[in-house]
Structure formats: structure tokens, C-alpha cells
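Throughout, a chain's letter reflects where its sequence line sits, starting with A, and its residues are numbered from 1. The shown structure was predicted, so the numbers you read here are calculated from the model rather than taken from an experiment.
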Amino acid sequence: MSVDPQTLLKLRQLLGENLFESVEKRIAYSSDASMVKGELPDLIARPTTTEQVSDILKLANAERIPVYPRGAGSNLTGGAAPVKGGIVLDFELMNAILDIDADNMTALVQPGVITADLQKRVEKLGLFYPPDPASSDFCTIGGNVAENSGGLRGTKYGSTREYVMALEVVLADGEILRVGTGAPKSVTGYDFVRLFVGSEGTLCVFTEILLRLIPLPESVETIFANFPEADHAAAAVCSMFRRGIVPRAAELMDEPTVEALRRYQNSALLPRAGVACLFEVDGPRVVTLAEAGDVVRICREHGATEAMRAQSRDEREGFWSLRRAISPALYQLGRIKLNEDICVPRTRLAEMLKKTREVGERYSLLIVNFGHIGDGSLHFNVMLEREDPELLEKAERAVGEVFKAAVSMGGTLSAEHGIGLTKARFLSIEVGAKEMAAMARIKKAFDPNGILNPGKFPDEFVRK
Amino acid sequence: MSSSENDISRRAAEELEKCAHCGKCRSVCPVFAELRDEAFVARGRVTLFEALSQGRISASPELHTIMSACLMCQRCREVCPSGVQFVEILLAARERLAREMGLPFGASLVFRHVLTRRRLFDFTMRAASFVQRVIPGRRKGSLRHLPLFFKGGKWLPSLAKETALRRFGATPPERRGGPVWPPGIGQAQGPAPTGAASRDQKNGGKKRVGVFVGCLTNYVYPEIIGACVELLRTAGMEVVVPDGQLCCGTPALAFGEIAAARRLARRNKRCFEDANCDFVVAVCASCGRTLKQEYLYLLDSGGATLGAPVLDVCEFVSKHTNLFFTRLTEKVIYHDPCHLRWGQGVMAEPRSLLARSCAFEEIAGDMTCCGQAGTFHVFYPEIAQMLGRRKVDSLSASDASVVATGCPGCILQLNDLMAGAGNGKRALHTVEILARAVRGGGKSFGDPEGVQKGGGGTPSWVAG
């Protein structure tokens, strides 16, 4: 695939220095945060206005040039990786927060805004943008919307989807469209906003995003608890919900995770045996204090060997630093980490954990689980010693089995990372043939020439 | 390939393997914050170095620019979840590019033959400074730069009448019997011990502290060494400024001239070993970082690189002295030099010392680099200027009259920036403030008296 000289000339005129052509830049933009090694794109286009985006897509559509939308390239499933040349459409220069409406509690942003930058800005005004992916200090809102990103506060506040009210999008043929509304309620026509959120850049690209904000909770309480078994922790979480406590975070670290953490940065908080959990409740101070007490009590009732509320900011930071250390600490257990993000109904968590252990034993692979158990999402990681094709193949089979089990329990094979390239081949485990056919028709309707983010999940249907 | 190059690429390969390409480095990189370009952040450079190592690309001017436009501030190292020492990869890349493309002739001449010979270095500085003065009508802007002869348009800073080494330097008595201190040293405060006397006192339990001067301090800011010597002697230390010391090698390393850096390291090691110190202190953040970290492998040494532990001067004063400061009334703010805070983890010491010695005020949330970064500002004046603007905005918000910092490079840049912005502030080394507080006040910082620099236009140094 290469771009013909005339199109190249037009793109140069359109973008000037914001068009990268050198091999160095093409290499830098050929991958994201996944293990996928993408193909070299031909060009990197960095538009600064909606009109430029539209013009780029018009040209690409006419010439059938693939276009790969990209935010910060923090995707974990290869969603931003080029697969066969074409143009990387990089939104990092469209990074303005256009408006924050404190009375209506909305924020209008361009797609390249860094999630944490928006969070900081609105929090100064007493407002709150809850979605909080682990990469929030460098990922972009545009990418979050495209992937429907979740995060640590999903238990109480849900994913990005819950906060997108309206979008300005550019379709594959360059047409600019506004969907959704700033009105708190609206039932006019099909809900394109919901369709486009999580579409992974395969239906359209976003140029403006209207987000819903909520009042910033007055106080947050953090609780650290150790349980002898993951089952106890899962039962404690269910019990919290039954008693009317919706924790904003409920994190589990299973035995191998605790072991990895111990090797990485030993802490007195870590249990000698069993699993560790971190809970957080937020709201008005009187409520959080009472709820934190209840959480501690519920943990103890479910056999917690230790349950304590952070008494100071430092202590809270200490609890969270353990949680944040998981990602690097896991490399103590293997050099390569296949990181998957299944999600099951809360009540099936214990069963799901058992299943992953059983699969691990059967394949003699080390499987490590941690995750946001409050909303049933579980990050299971297959740890490998080396990048060996045979080993990888075995790991893929194990992953497939875990996916099947998750779906059979009424769960999903991706809670928040998306399908992208790495999970496309597993999609049929969850999405039936008829649903796939319907999705393929939608893709065809919005992008008849298949130029938007090719090679990713909808193409998987077409191939079948 | 020589063994040193082998060693460099081996360490770089180890770091390369650790990188999980998550993109976290994007959240802190000052250069990336300005350019928002994947090639100009650690992750992109890692991808490019990988491509270079695998032979997918070859050395090119663009790759050279990409690898050069790094401040080496090490913020990315601090946040990296996988603990990648990016600077090792960068140095390997620069070494390889220098080997394959060659350095500009002037630069390699300087590294190989000038920096290694003190007299020639002195002469070159004087000659360059003289030439600059006699060329009429070309002096625009207030900042003039060290003459590394790489690029036109930049000026030398005004040189001091007498370099720090001439004023304070001495050959340690072990090697040359005579008095350690030239007459007139530290005119002043406290007794000026002769070599013999100080050796006696050492026997009485005095710690012997060697001062590493650094080039910018030596030629432009000898008063910093004056303050440092005064401070340490007031604290009851025996101070020695070995006159055989050379450039620490940071610029040579930054340009990939590993062999030249190693020669400098060996000479410095011999010089300080002969001085037989208990500690070596550095007043320059970049020198200190290189002595602590790069000398470990340049000298293939397991621990003390100069025959004694190396500490930043504030680190030393804070840990090993018990000075009484008269609190000055001036309001002082502090600027973190990248190579001190991120490069050496020295952040609390200067702050607590300042809090004891003046009306110290923290500037909330100020993490910006000043943009000087060795020769970075010479090659990338536009980026340096963008960074500088952020820095000045942040400093101007305070009504303090003095900005303390721990790096002569930062002092040079900050004074130039602040003069340009006309905010009426002045940058000084932390030890200059401490020395005055130890003296119990005295003339204000703004007083030009005692600043022994060749004043504007008076080429009095020519005679000397």
C-alpha cells in the first residue's frame, strides 16, 4: 500500500509540517501499548481542525487509503496499530478543553485532551469526571471514547459510555455529523452515541466530545483487607452491595499477585498467606465514615484476617502504591505478560477465579489474577518466561478456554481493553453469527470502503 | 567494536528488554509536552533504537535530531512502571550515531583534546571569549553560551576574572608538600588553615571534603565555590579543591564520545584519590549525577567512584553538618534542577536547608524544566524557549526576589529568562544563600559587590 504522489501533494498542502513522512516517524507510530508489532504506516497526519479531519478522510476514502485513528497509543489490544500501510490519524494536536459548564455539569473537549488533565481541571471547580483508566495521566479522551474505557472507579461509576452525551464525528467519506444532545434526556431517533462509543475507530472518528460531569464527592475512605481465600473476598463484596454500600473501588490481588508484590517491594500490609483487597467508598464525610466502618465489619464477618481504614493521606497513599505496583511487580514472575480483562457477574467471581487456576494447572502455565472485583472484572495474566512460539500458542489456547468459561458464566471476554487485533479471533466465543452479521452490516453502512481502522474486529466478520 | 562500546550496548539491550511500551513516560516528558510527537518521548525513542539495533533503519540526521533532543532530565525513569533506565538507551544511541555519523569536527576536537587538558581549556575559553568581545555589533540578547563551537549565534557567558580552580584550587599536600591554600583564600570568615594545620586537625577528627568544581562553575560562577568552601569550613570540615580535576565528562557522554568521557573519569579519579578525601561534594547537579551514576561503569567501579562517597553539596550539608543559620528575611523560592531531583533524588535536602536559613516558599505544582539542559538550548532553542516560558510563568507567580537552585546551568538559564521577562528575580545557588545565613546576614543578594566577574565590556581578564 502506498499513497500516490497527487494525494501526497494534497495532504502536504493541507497539513504542512503536521504531516510526517520520514521512516523514523513511521516506525515511532507503528505500534501501541500492546505486544502487536504493526506494519509501517505510509504517513502520519496530525490534524488541528475538524475540517482538516474531514478533508483527510475525503481523500483517503476516494483513494481507498486505510486510516488508523490514534490518541496516545496506550491501547492494550493493538487497536491503534496499522496493519497494512496507510495513514495514522493522530489526534494529539486537537487537545483543547473547549468549555466547562459548571451549572449544567458538562465539559466539551477535543479528542486529544489527556484524561487526567480534564479531571484536574473539573475537580478545581468541584466537579468530577469519574472514568479513571490506569493510564489516565497519558491516555486521551478520544481514545477512551473509542475503546469505552473503564478503570478503577467502575464499580460505582461505570465506564466512559455513561459520561458521553454528544459527539461531533467525521464519517469515512468525510461528512461531519453531530449526534446526541446536551439535554439531560433525549429519545430522538437511534442512539448513535452509544453505537459510536466503543466502536474502536471502525465506524467514524471523533472531533468533539460532550461529557457529563457529576459533583465531586466530599470525602473518600480507603480500606485495606486481607482474606485467607479469594472466595471470602468475593463474598464480602456481594455482601457490601446487599447492605446498600456501593464501593467506588474494590480491588483484588490474588496469591501469586501478593507473592509478586512481596518480591518487588515487600510491605507489612501484605498477608503471609491468602489474598489482599483494597476498597474505597466516597460521598459526604458522615456517610463515608460510617460506610468505611461497615466495610471493615463486613470484611471481618467474611473471615478477613486484617481489615483497616487508612487513617491518613500517607496511609492511603501506601495502600494505593501497592495496587499501582502490581503491573511492574508481575514481571518478577515471568518476562512476558499476556494481560486479559474478562468480566463476570459478581456472584460468579469465586467460580471464575477457580476456573483460571484450574486452566493454569492443566496447561502448566502461571496465571495471575487481580482486578476490579466490585464490577466483576478480572485481569488475568498469563506469565511466560520467554517469547517462544510454542509457549505463546499454548498460552493462547489457555486464554481461549478462560474466555469460554467467562462467557458461559454470563460474562464477557473484554471489560475495558477492547477487541482490537489481539482478541479479534476470540470474538465468536461471545458474539453469535447473527449478531456478527448485523455488526458487519452496520460497518458496511458507515464505512463501505473499509478504510477506517482495517484489520480490527469488524474485518474479522467479513473474513468469515 | 571496543569493549566500552560493547558494554554500553549490552546495558542498553537490558533496558530495552524491560520496556513494556506502556507510554507512561508521555505523562512527564517536558519535551513531549511541547511537541506531542511520539518520536520525541522515551517510548518512541526506544522503538527507534530497537529498529536501529535490528538494522531496520540506519543512522540519519533525523534520527540524530530525535536522539539529541532529550533533556536527559530522567523524569521518565522515575515514573516508569518497568524501571527502564532510559538514559542508558539514549547514551547507547548517541554513541552509535556519533560512531556512524561522526561528530562535528569542532566538537570531537573539544572532547578529545581540550577538555582533557586544563591549560588548553583555560586558554580556549579565554580566546573564545576574547574573540567574542572584539567582534563588534554582534551581541544580541543577554544569554551567551559556552563555546562548544557547534552552532553559530550563541554567546559565551561573561567569564569570571579568575577561575574557581585558580582561586581555590590547590594540589593536595600528599603530593606536593606546600600549603594547601593559596594566600587570600576565603578572605575571611574563620581561620584559613594551611595544609599542615589542616592535616593536624584531620587527625583531630576533621572530615576532609573534596569539592568537584565543574566547568560552568569554574569559568563563570567561581563565587559558588567560594560560598561552598566557606560553608563547609564553617561546619568544621577540612576543604580541598584539587587543582588537577577536569571536566566531569557529561558533555562528552551526551554526544556519545564514551572514550573521551572515560579518559576524563580516570583522570578525575586519580586526582581525587590523591587528595585522599572522606567525601567528595559536587555543586553542579549534572556533574554530581555523572559522578554518581555514569562513573560506575565508565570506571567499572563497584562503589565509590572517586575514592570517597560523592554527594551533592546540599545532601552533604544536610547529612553531615550541624550548622546554625541566622534566618534571612528575604523570600526565596526553589527550582528543582532535573539532574538533582530526578537524576539524584535530592529534593528534600535543599528545601529543608532553605527553610532553616531564609523565608523559603514552595511554588505549588512547579515541576517544569528550565530548558537549559547542557547544550540542549543551543541546538533546540525553540523547544528550550517554550519550556523556559512555562518556567518563568510559574516563577513569576511568586513575589520572592530570589530563586535558589542547585545547578549552574539552571542559574544561567533562569537569570537569562527572568531578565527577559523582567520579573526582577535573581537565581542563585542554594549554597550562596546558606553561606550568607551562616555568616549571619550581611549584604543582600542583589549586591554586585563580591561578584568577581568580568563586568560588561571590561576585558580586564585579558591581562590576567
Practice problem: Heavy-atom distances under 4.5 Å only: say whether A/Ile336 touches chain B with side chain, backbone, both or neither. | Solution: neither
Quiz item: Contact part of A/Arg70 toward chain B, heavy-atom cut-off under 4.5 Å: side chain, backbone, both or neither?
Solution: side chain
Quiz item: Relative to chain A, which segment of B/Phe49 carries a heavy atom at a distance below 4.5 Å: side chain, backbone, both, or neither?
Solution: neither
Quiz item: Given that the side chain runs from C-beta out, which part of B/Ala39 has a heavy atom under 4.5 Å from chain A: side chain, backbone, both or neither?
Solution: both
Quiz item: Which one, B/Ala51, B/Pro81, B/Gly44, leads in non-hydrogen pairs under 4.5 Å with chain A?
Solution: B/Pro81
Quiz item: Heavy-atom distance under 4.5 Å to chain B: side chain of A/Asn95, backbone, both or neither?
Solution: side chain
Practice problem: Please say whether more than 12 non-hydrogen atoms of neighbouring residues, nucleotides or ligands are located less than 6.0 Å from CD in B/Gln54. | Solution: yes
Exercise. Report yes if the side chains of B/Tyr297 and B/Glu88 come closer than 4.5 Å at any heavy-atom pair, otherwise no.
Key: yes
Self-check item: Max heavy-atom pair count under 4.5 Å with chain B, selected residue of A/Lys337, A/Lys25, A/Met35
Solution: A/Lys25
Exercise. Determine whether A/Leu8 and A/Leu43 make a side-chain contact, defined as any pair of heavy atoms from C-beta on separated by less than 4.5 Å.
Key: yes
Self-check item: salt_bridge(A/Glu251, A/Arg324) N-O dist < 4.0 Å
Solution: no
Quiz prompt | Note: B/Glu14-B/Lys18 ion pair, threshold 4.0 Å (strictly below) | solution = no
Quiz item: Given the options B/Cys25, B/Ala20, B/Gly23, which has more heavy-atom pairs under 4.5 Å with chain A than any of the others?
Solution: B/Gly23
Quiz item: Which answer fits B/Leu63, side chain, backbone, both or neither, if we ask what part of it has an atom under 4.5 Å from a heavy atom of chain A?
Solution: both
Quiz prompt | A/Arg121, CZ: over 12 other non-hydrogen atoms inside 6.0 angstrom | solution = no
Quiz item: Tell me, side chain or backbone of A/Phe91 under 4.5 Å from chain B's heavy atoms, or both, or neither?
Solution: neither
Self-check item: Rounded distance (nearest 0.5 Å) linking atom CG of B/Leu387 with atom CG of B/Leu71
Solution: 6.0 Å
Practice problem: Sort B/Glu50 into side chain, backbone, both or neither according to what part of it lies under 4.5 angstrom from a heavy atom of chain A. | Solution: neither
Quiz item: In terms of heavy-atom proximity below 4.5 Å to chain A, should B/Arg43 be classed as side chain, backbone, both, or neither?
Solution: side chain
Quiz item: Hey, are B/Glu78 and B/Arg341 close enough for a salt bridge, meaning a charged N less than 4.0 Å from a carboxylate O?
Solution: no
Exercise. Could you check if a side-chain atom of A/Val88 sits within less than 4.5 angstrom of a side-chain atom of A/Pro82, using non-hydrogen atoms only?
Key: yes
Quiz prompt | A/Ile27 portion near chain B, given a 4.5 angstrom heavy-atom threshold | solution = both
Quiz item: Between A/Gly73, A/Ala325, A/Ser31, which residue shows the highest count of heavy-atom pairs closer than 4.5 Å to chain B?
Solution: A/Gly73
